[in-house]
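Here the structure comes first, spelled out in structure tokens, and everything after it is commentary.
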Amino acid sequence: MKKAAAVFLAAAIPLSLFLPACAAENQTTPGAGAVSFKAENALYAHGTPSKDDNEAWTMWQCEHNDDLVEVNTNKKYFFLPSGASDKEIELYNGGSGIAEIGGQEIAAGETATFSYEEGKTYDVDFGGKKLELTFLRSTAEAAIYVNSSDADGRGTDLMTYLFAAKSNTAAATGAIVDKDGSVDNTAIKKIKGRGNTTWGKSKKPFNITYDSKVSIAGMTKSKKYSMLANYQDDSLSRNRFLYDLSDAVGMPYASDSRYVDFYVNGYYWGSYQLTEKIEVGSSNVVNDFEETDYLNNDLTVKEDFPFVCEIDPSAGSDDFTVNCSNNIQLTIKSPDLASDDPGYSEVKKYVKNKFNEFIIACTPQNNKVLSDYADIDSLTKIYLINELGKNWDAGVSSLYFTYKQSPDGIYRFYGSPVWDYDNSLGNANGVEGDLRNFGVTDYTKYTGWWCMYKGRRKGASMSNNIMSCLATNDYVLEAAPKIWFEDFVPALRHFSGEQYSEEIDKELYTAEEYREIVKGSAEMNYRSGWLLNTGSWIADHSKLEKASFDYASGKYSTDGKNTSYAQTFDGMYDYSVDWMNSRAAWLSAQMYEDYNKSGGLIGDVNDDGFVDSQDALELLRSSLDLSELPEYVLPRADVNSDGAIDSLDALAVLRHSVGIVDEGSVVGKEV
């Protein structure tokens with residue numbers, strides 16, 4: 001069966017007819033109270049040690065292919081969440097006959113505690129059928145269970161109903177199981193499909209709204225979350241890396257997120273990234289104004305008010321949209337109004353006028369002072385995030401801006417929240433015809449500028465793409481080197497493990513820390529049947545000549561060899577990390593000279609504008625490993641240019657501070 005046909009079938013026939021047969025052998029066996037939903041003719045494992053819960057049950061299942069058709073029917077798996085015990089598990093027999101596993105019998109409709117070993121395969125007799133069963137256990141930060149055997153009031157299974165149309169919504173019961181095994185059984189008010197091209201994939205993304213605010217794996221309490229499938233990202237991590245990096249470099253808003261395992265009616269759907277949904281309000285991503293702040297007390301529209309908007313060419317008829325200059329379709333995310341809401345027309349007009357002014361201000365050679373219209377710091381950071389990732393969608397879709405009052409009282413646009421980076425960090429091939437039109441021949445490589453060319457025809461001096469405009473705007477280009485070296489570089493060196501920072505670790509883990517969190521979930525995801533390479537859209541991830549940058553000397557180099565990457569999760573994860581680190585090295589090399597042009601006085605390592613004995617003391621402490629100099633002052637610290645920062649530099653600065661001028665000394669001069 002061709003993939004396209006299978007996806008069509010998902011919307012046309014009951015899901016249970018093409019789900020793996022091991023998940024749909026019998027849909028009439030009652031749950032006998034142990035399981036809240038309609039149990040299949042299968043064994044179930046409890047995903048939590050809690051005896052009071054009846055929602056967090058996981059059904060055994062077979063491997064499936066990308067069309068959700070089962071393979072190897074006699075080989076079963078329990079894909080257990082991280083919150084399950086690693087030694088013993090409560091099993092429930094949803095079949096009609098006796099189940100015997102490892103010599104232990106479980107009667108139909110009964111539960112029993114079973115001692116198991118992760119990765120071990122057990123022989124099972126299930127009502128006379130001989131099977132093999134392997135237990136796998138996740139390492140993810142939490143598990144999300146959503147259950148309903150009657151999604152539409154007519155007895156339709158939840159996933160069958162949701163697959164039928166992205167607009168379908170349903171209430172459900174469920175469980176949130178954190179890694180420590182704790183359970184929250186807050187009901188789900190609404191679950192529905194989400195995404196544009198990602199909705200057309202076999203592994204689908206969803207939005208979930210809970211009845212009341214919940215905290216998941218330490219996240220701020222909220223009702224609304226998005227479940228990203230990361231189907232086309234074989235590292236399962238590109239979005240996570242760049243969301244957390246955005247937090248670490250001080251962007252105004254970035255969705256907090258967690259690696260989770262996703263279950264519906266006990267069936268394991270894979271490893272997902274649960275994120276805060278981009279919403280406005282005190283406990284949401286955009287937390288410094290409210291949805292209703294556009295209105296006066298008498299329900300008239302304020303003269304000025306905050307809003308959140310998204311460049312979104314795929315917006316549907318139900319979205320609150322406005323068409324702006326340069327053929328930009330803008331979705332107004334907040335306030336999100338219907339035609340009969342107060343101020344509907346006034347808000348659309350206001351947003352359109354303000355965004356059109358912003359577009360003009362972003363355009364190079366427009367003689368506008370960009371800081372009169374926008375916050376330069378956040379615009380530069382969102383540009384650098386997209387440039388670092390070589391994000392295919394840069395400026396085209398999923399690009400958010402927030403318009404709000406700055407500390408000086410002036411309303412400005414802020415580049416934020418960040419969103420949707422699965423087609424970045426060397427993941428996507430791009431569209432060959434578009435790349436020819438842009439004049440870009442190295443898109444999949446970590447070298448080469450990207451954002452300035454996106455959306456601009458080869459040889460053209462201007463672009464309608466707002467990210468391309470930012471990438472060539474003088475104000476952004478002037479700010480970029482300082483922001484890169486003082487905000488991005490420390491975070492990226494922490495991520496690579498080169499220079500650990502406890503403070504940065506609160507926002508951004510190291511690459512190895514992320515791997516430890518996701519690796520067990522990734523093993524279950526790919527063992528269950530999801531693909532590592534999902535088609536021609538994905539770039540070749542088999543080889544990479546890695547690059548590095550020496551921040552003390554300013555030297556860029558490559559390792560001179562092609563590292564090979566295994567077609568496994570670990571291999572694909574390593575590729576994404578190495579590509580990101582190499583891209584950071586290349587960008588550092590490009591901006592190093594511009595950063596050092598305005599790098600202060602040589603020897604001024606405490607950045608107070610003077611070169612004195614305090615600087616000598618700081619250099620001496622650094623040479624004795626008693627303190628660590630900030631990244632951005634390192635070019636000023638090697639005052640004798642011998643390639644090392646040591647006590648000799650401290651001595652040279654001390655001599656300068658007492659008026660001793662050595663021949664050829666550059667201490668005190670501009671970098």
Side-chain angles (χ1 to χ4, degrees), residues 22-23 29 31-37 39-63 74-95 97-127 129 131-147 174-185 217 260-271 519-525 527-528:
C22 58
T29 305
V35 181
S36 70
F37 46 88
E40 309 292 349
N41 184 29
L43 281 183
Y44 289 79
H46 208 184
T48 171
S50 173
K51 299 291 186 180
D52 297 330
D53 167 83
N54 66 349
E55 300 288 344
W57 285 91
T58 302
M59 179 172 59
W60 70 3
Q61 60 199 74
C62 306
E63 180 184 352
N74 291 325
K75 178 66 175 176
K76 308 282 190 181
Y77 293 94
F78 267 130
F79 298 115
L80 301 176
S82 57
S85 167
D86 62 352
K87 294 181 175 60
E88 59 181 29
I89 198 82
E90 185 182 13
L91 298 181
Y92 168 69
N93 181 0
I98 293 174
E100 182 182 324
I101 172 172
Q104 182 174 342
E105 291 188 351
I106 309 173
E110 297 296 329
T111 61
T113 300
F114 181 75
S115 296
Y116 78 99
E117 294 180 29
E118 293 180 48
K120 182 176 179 179
T121 298
Y122 295 86
D123 292 327
V124 178
D125 185 317
F126 189 67
K129 188 174 183 180
L131 305 167
E132 292 182 348
L133 172 62
T134 303
F135 290 82
L136 298 179
R137 183 168 167 269
S138 180
T139 53
E141 289 147 300
I144 305 298
Y145 289 82
V146 181
N147 301 318
I176 301 162
V177 181
D178 280 357
K179 197 167 187 176
D180 63 4
S182 60
V183 183
D184 184 333
N185 288 127
V260 300
D261 297 292
F262 185 41
Y263 304 85
V264 176
N265 290 345
Y267 189 82
Y268 177 64
W269 283 92
S271 181
K519 66 178 182 179
S521 183
E523 181 183 1
M524 296 195 330
N525 183 80
R527 189 78 68 91
S528 71

With Tyr122, the ring-ring contact (aromatic ring centres under 6.0 Å, His included) member among Phe114, Phe78, Tyr77: Phe114
A side-chain contact here means heavy atoms from C-beta on lying under 4.5 Å apart; do [X] and [Y] qualify?
X: Cys62; Y: Lys76; answer: yes
X: Leu43; Y: Tyr92; answer: no
X: Ile89; Y: Thr113; answer: no

Please give me the minimum heavy-atom distance between [X] and [Y], naming the atom from each residue.
X: Met59; Y: Ala42; answer: CG-CB, 3.7 Å
X: Tyr116; Y: Asp86; answer: OH-CA, 3.4 Å
X: Trp57; Y: Ala34; answer: NE1-O, 2.8 Å
X: Tyr268; Y: Asn525; answer: OH-N, 3.6 Å
X: Ala56; Y: Thr48; answer: CB-CG2, 4.0 Å
X: Ala175; Y: Asp53; answer: CB-OD1, 4.0 Å

Does [X] reach the main-chain N or O of [Y] with its side chain, forming a donor-acceptor pair under 3.5 Å?
X: Asp123; Y: Ile101; answer: no
X: Glu40; Y: Asn265; answer: no
X: Asp178; Y: Gly181; answer: no
X: Ser82; Y: Ala140; answer: yes

Let me confirm one number: the [atom1]-[atom2] distance from [X] to [Y], rounded to the nearest 0.5 Å.
X: Leu91; Y: Ile106; atom1: CG; atom2: CD1; value: 4.5 Å
X: Asp261; Y: Glu141; atom1: CG; atom2: CD; value: 10.5 Å
X: Glu88; Y: His46; atom1: CD; atom2: NE2; value: 13.5 Å
X: Arg137; Y: Phe79; atom1: CZ; atom2: CZ; value: 15.5 Å
X: Met524; Y: Thr58; atom1: CE; atom2: OG1; value: 8.0 Å
X: Asn93; Y: Thr111; atom1: CG; atom2: OG1; value: 10.0 Å

Just say parallel, tilted or perpendicular for the rings of Tyr145 and Tyr263, cut-offs at 30° and 60°. parallel
Under a 3.5 Å threshold, yes or no: a donor from one side chain and an acceptor from the other, between [X] and [Y]?
X: Ser50; Y: Asp52; result: no
X: Ser36; Y: Glu55; result: yes
X: Thr139; Y: Lys179; result: no

Let me see the working for Phe126 and Trp60 under ring pair (Phe, Tyr, Trp, His ring centres under 6.0 Å), right down to the final yes or no. CA-CA 12 Å; Phe126 189 67; Trp60 70 3; 5.0 Å; yes
Residues Leu133, Thr121; criterion side chain to side chain contact (heavy atoms under 4.5 Å, CB included); working and verdict: CA-CA 5 Å; Leu133 172 62; Thr121 298; over 6 Å; no
Would you please test Leu136 and Glu118 for side chain to side chain contact (heavy atoms under 4.5 Å, CB included) and show each step? CA-CA 5 Å; Leu136 298 179; Glu118 293 180 48; over 6 Å; no
